[in-house]
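Notes follow once the structure below has been shown.
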Number of protein chains: 2
Amino acid sequence: MRCRSRYRSRLSVRGICVGRRRQSVTIKHVAADAGVSLQTVSRVINNEANVRPEMKERVQASIDKLGYVPSIAAQRMSGSRSYLILALNDRERTMENWKAREGNDWVDQMLMGGMLQCAEHGYRLLLELVDTHDDNIQRELKATIAALQPDGVILTPPHSDNPLITDLLEKQKIPFARIGSRDNGGSISLTMGDNRMAAMATRYLIEKGHERIAFIAGAEEYALSHRRKQGWRDAMAQAGLSTEGLCERGDFSYASGEKATRALLSGSARPTAIIASNDQMAMAANAVAHEMGMRVPGDVSIISFDNTPVVRFVQPPLTAIDQPIAEVTSRAVDLVIAAHRGDDLPDMPVVVEGRLIERDSVARPRG
Amino acid sequence: MRCRSRYRSRLSVRGICVGRRRQSVTIKHVAADAGVSLQTVSRVINNEANVRPEMKERVQASIDKLGYVPSIAAQRMSGSRSYLILALNDRERTMENWKAREGNDWVDQMLMGGMLQCAEHGYRLLLELVDTHDDNIQRELKATIAALQPDGVILTPPHSDNPLITDLLEKQKIPFARIGSRDNGGSISLTMGDNRMAAMATRYLIEKGHERIAFIAGAEEYALSHRRKQGWRDAMAQAGLSTEGLCERGDFSYASGEKATRALLSGSARPTAIIASNDQMAMAANAVAHEMGMRVPGDVSIISFDNTPVVRFVQPPLTAIDQPIAEVTSRAVDLVIAAHRGDDLPDMPVVVEGRLIERDSVARPRG
DNA sequence: GTGAAAGCGCTAACAA
DNA sequence: TTGTTAGCGCTTTCAC
């Protein structure tokens with residue numbers, strides 16, 4: 001089988017033809033077909049003003065007839081849009097989850113919310129893994145931006161709070177949304193109400209009669225770790241309860257959850273309930289409690305943050321605070337696109353609150 | 001805060017500057033810096049022959065010094081590469097998994113294998129959801145291709161066997177890899193050895209002493225459904241065992257698994273083991289068996305296909321055939337890139353075999 | 001309101 | 001081996 005490209009023919013391997021590919025229908029064809037100038041067609045595709053309705057209709061008819069679709073590469077070349085949104089995820093954590101093959105809720109939900117919303121606007125979402133601790137992070141990010149010229153960037157924790165990243169994006173004047181981060185200086189930021197959610201979980205336990213409610217905090221470098229802890233502390237204070245010796249810091253890993261739980265449950269004023277800053281640490285708490293001969297929820301109640309798929313499958317299924325990742329990503333997409341267009345933006349941070357999903361890991365304290 | 005773009009300044013909203021973005025460092029800057037022509041720089045970036053080592057080194061030095069990265073849009077405009085690989089997934093199934101929030105192993109593993117391998121080659125992977133049953137599938141795909149001009153496409157089941165898709169890609173001369181599909185006509189195809197894997201599971205059960213081994217087949221439109229069934233049938237025949245009344249067809253859904261299992265376990269020659277064509281149907285089989293007062297694996301052994309995260313969390317954890325999705329996607333990326341370059345390709349289909357993961361759902365049959 | 005001309009950053013084809 | 005020229009498909013600028 002020979003390659004019969006109109007242009008220079010290349011190799012043909014096993015019948016697979018590869019050649020210089022050109023746009024089959026270009027703006028020129030449409031212009032010719034509609035009998036107008038290129039510019040008018042361009043105006044119609046971009047929905048610009050100053051085109052008479054009848055003209056617009058005529059051009060649109062040609063577009064539909066010929067099945068014309070603008071080339072993103074060409075649009076990017078001359079104009080200012082690439083119709084590409086870049087989503088930056090933490091390399092280490094993502095790879096870990098993938099490799100463990102225990103599911104990757106964050107990426108799944110982010111894609112679901114982000115991809116679909118991008119599609120609504122005619123954009124595409126491109127996922128990119130970035131190593132927060134890499135010294136060359138700025139150089140790598142610069143290269144990615146230079147190559148792709150994305151119209152917007154979505155930052156997830158812990159990148160949302162990495163000044164190396166945010167400074168660079170600011171300098172490059174690329175609109176970016178920080179998920180899980182509060183506003184500091186004009187940029188787009190979205191949170192899932194960490195403070196309030198932690199407080200809500202705490203109050204929920206207080207209402208059940210708990211007084212010694214412990215908290216396992218997350219990694220320091222995540223801003224949301226601090227906010228969750230603050231929410232717990234505020235709710236405890238408001239109820240006049242002491243938090244003395246009831247907080248341990250983990251790093252979101254299972255192992256750190258085990259360690260924190262052991263410390264908590266071996267102390268003198270053993271807590272009757274534990275709130276963990278993510279599911280892995282909550283599952284570790286559950287396992288350690290069992291190990292130490294305690295019943296969940298009989299002796300210790302547990303509430304976790306995130307509500308990833310796994311918490312439904314441990315015994316007992318964990319009561320958890322759901323993180324509306326899909327929704328918040330979808331909003332983030334809306335916002336960066338709006339920013340890129342120069343539209344007005346709402347006050348920051350935009351809050352998309354989660355909710356408490358009741359399962360079987362919470363009960364009234366004994367006695 | 002005013003926008004201080006060198007070019008036409010646009011709106012500035014809440015301090016977010018949006019302007020016409022141009023490449024900060026272009027091939028021209030490099031050429032000027034190195035004192036050579038554009039073409040020479042182009043040759044260096046593309047690693048072409050006919051450049052003297054010293055020249056190459058000089059140019060490379062300028063590239064490094066200036067931090068130059070080629071614009072993909074510009075490369076796509078004139079050349080033949082977009083450095084974009086498109087991965088087409090089934091919209092319905094993907095959305096279902098995302099919404100159920102039970103994890104989406106296929107997408108996760110595919111991204112892991114595909115993205116990382118793309119990165120190795122300097123490519124990016126773009127995920128796109130396609131509705132196989134959409135009448136406009138060709139029109140939509142054409143539009144996507146026109147807009148993105150991907151250098152290659154990766155097809156997953158059931159798209160791999162959808163002639164509307166494969167014909168279009170062939171016509172457009174875009175290299176594509178079909179995952180889960182056998183070779184038919186020159187194109188790139190990869191399988192996970194469905195036939196052999198099903199036979200292996202069957203033999204594994206036979207060795208344990210089972211004789212009445214049932215099979216729950218998957219949806220008709222998936223070519224791999226037929227191959228898995230065939231593997232089971234072959235292994236049974238080879239061992240001189242009858243398959244009479246031991247096969248039910250499902251559609252990969254949990255509900256269809258329940259129905260198939262009920263039919264199987266209510267029959268006269270009740271099977272002592274069931275192989276299900278995917279995890280959902282296997283979990284349904286497990287649940288139905290319990291419901292009908294049977295023990296797993298005591299009364300019925302179960303083996304499932306896929307080995308998604310959930311099978312570890314049901315009781316008992318299911319013995320399963322692992323699908324090496326990450327690996328097969330990674331190979332697919334290699335192959336489409338090779339095809340696009342016109343390199344030689346291996347014989348098709350490329351087979352990346354899975355393996356049996358032993359857990360607790362298989363035992364010797366009673367008596 | 002519409003059109004003509006100039007160029008975006010890069011590569012293919014050809015010339016030297 | 002290297003350089004020159006002419007676009008790729010689109011948008012911007014500016015003239016009408």
Side-chain angles (χ1 to χ4, degrees), chain A residues 5-10 19-32 34-59 63 66 68-83 145-149 151, chain B residues 5-10 19-32 34-59 63 66 68-83 145-149 151:
Chain A
S5 171
R6 193 156 82 74
Y7 309 93
R8 184 170 83 84
S9 75
R10 292 255 207 98
R20 192 155 153 55
R21 222 172 15 257
R22 286 166 138 76
Q23 215 72 353
S24 48
V25 182
T26 73
I27 198 171
K28 279 187 191 163
H29 299 110
V30 178
V36 298
S37 73
L38 300 185
Q39 191 41 35
T40 303
V41 180
S42 174
R43 283 183 181 118
V44 172
I45 336 176
N46 293 296
N47 229 327
E48 276 172 34
N50 294 343
V51 184
R52 251 181 302 178
E54 56 193 80
M55 183 94 276
K56 188 167 176 172
E57 218 168 284
R58 180 145 63 102
V59 173
I63 289 176
L66 302 176
Y68 165 73
V69 178
S71 150
I72 288 185
Q75 291 188 119
R76 168 76 275 173
M77 277 297 294
S78 36
S80 48
R81 276 150 306 157
S82 62
Y83 294 102
I145 290 170
L148 257 24
Q149 296 277 36
D151 289 347
Chain B
S5 173
R6 194 155 81 73
Y7 308 93
R8 184 170 84 85
S9 74
R10 290 256 207 101
R20 191 153 155 53
R21 225 175 9 261
R22 287 164 138 77
Q23 217 71 352
S24 47
V25 182
T26 74
I27 198 170
K28 278 186 194 163
H29 299 110
V30 178
V36 297
S37 74
L38 300 185
Q39 191 46 32
T40 303
V41 180
S42 173
R43 283 182 182 119
V44 172
I45 16 182
N46 293 297
N47 228 327
E48 276 173 33
N50 294 343
V51 184
R52 249 181 301 181
E54 56 193 78
M55 183 96 271
K56 188 167 176 173
E57 217 169 287
R58 180 146 62 103
V59 172
I63 290 176
L66 301 175
Y68 166 72
V69 178
S71 149
I72 288 185
Q75 290 189 118
R76 166 75 277 174
M77 278 299 294
S78 38
S80 48
R81 277 151 305 155
S82 62
Y83 293 102
I145 291 170
L148 256 25
Q149 296 277 35
D151 289 346

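In this text the structure is predicted, and so the values were computed from the model without any measurement. Letters go in sequence order (proteins before strands), and every chain restarts at 1.
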Report task. From the options C/dT11, D/dG9, D/dT11, select the nucleotide whose nearest atom is closest to the side chain of B/Ser42. Result -> C/dT11
Query raised in the report: Which listed nucleotide (C/dT2, D/dC10, D/dT2) is nearest to the side chain of B/Val51?
Result: D/dT2
Please tell me if [X] has a side-chain N or O lying less than 4.0 Å from either OP1 or OP2 of [N].
X       : N      : answer
B/Asn46 : C/dT11 : yes
A/Tyr83 : D/dC10 : no
A/Ser37 : C/dT2  : no
A/Ser78 : D/dT12 : no
B/Thr40 : D/dG3  : yes

Just how far, in rounded Å, is [atom2] of [N] from [atom1] of [X]?
X       : N      : atom1 : atom2 : result
B/Gln39 : D/dG7  : CD    : C1'   : 13 Å
A/Arg76 : D/dC8  : CZ    : C1'   : 17 Å
A/Ile27 : D/dG9  : CD1   : C1'   : 8 Å
A/Ile72 : D/dC10 : CD1   : P     : 11 Å
B/Met55 : D/dT1  : CE    : C1'   : 10 Å
A/Met77 : D/dG7  : CE    : C1'   : 11 Å
A/Lys28 : C/dA5  : NZ    : C1'   : 13 Å
B/His29 : C/dG9  : NE2   : C1'   : 11 Å

Requested in this report: Have a look at B/Gln75 and say if it touches a base, only the backbone sugar-phosphate, or nothing, with a 4.0 Å heavy-atom cut-off.
Outcome: sugar-phosphate
**Report entry** With B/Ile45, the side-chain contact (heavy atoms from CB on, under 4.5 Å) member among B/Val30, B/Ile27, B/Val59, B/Val69
**Finding:**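 For B/Ile45, the side-chain contact (heavy atoms from CB on, under 4.5 Å) check succeeds only for B/Ile27.
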Query raised in the report: Which atom names give the shortest non-hydrogen contact between A/Arg58 and A/Val36, and what distance separates them?
Result: NH2-CG1, 4.1 Å
Report summary line: Contacts of A/Leu38 and A/Asn50 projected onto DNA chain C by closest heavy atom; the upstream (5') one is A/Asn50
Query raised in the report: Would you find more than 12 non-hydrogen atoms of other residues, nucleotides or ligands less than 6.0 Å from B/Glu48 atom CD?
Result: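 Counting neighbours around CD of B/Glu48, more than 12 heavy atoms of other residues, nucleotides or ligands fall under 6.0 Å, so yes.
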**Report entry** Polar side-chain atom of A/Gln23 near backbone of B/Ala146 as donor-acceptor pair, under 3.5 Å
**Finding:**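 Flag set: sc A/Gln23 to bb B/Ala146 pair under 3.5 Å.
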Query raised in the report: In Å and rounded to the nearest 0.5 Å, what is the CE to CD1 distance from A/Met77 to A/Ile72?
Result: 14.5 Å
Requested in this report: Tell me which of B/Gly35 and A/Ala73 sits closer to the 5' end of DNA chain D, going by the nucleotide each one is nearest to.
Outcome: B/Gly35
Query raised in the report: Would you say the side chain of A/Arg43 and the base of C/dG3 hold a donor-acceptor pair, judged only by whether the two atoms sit under 3.5 Å apart?
Result: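 Indeed, a donor on one side and an acceptor on the other fall under 3.5 Å apart.
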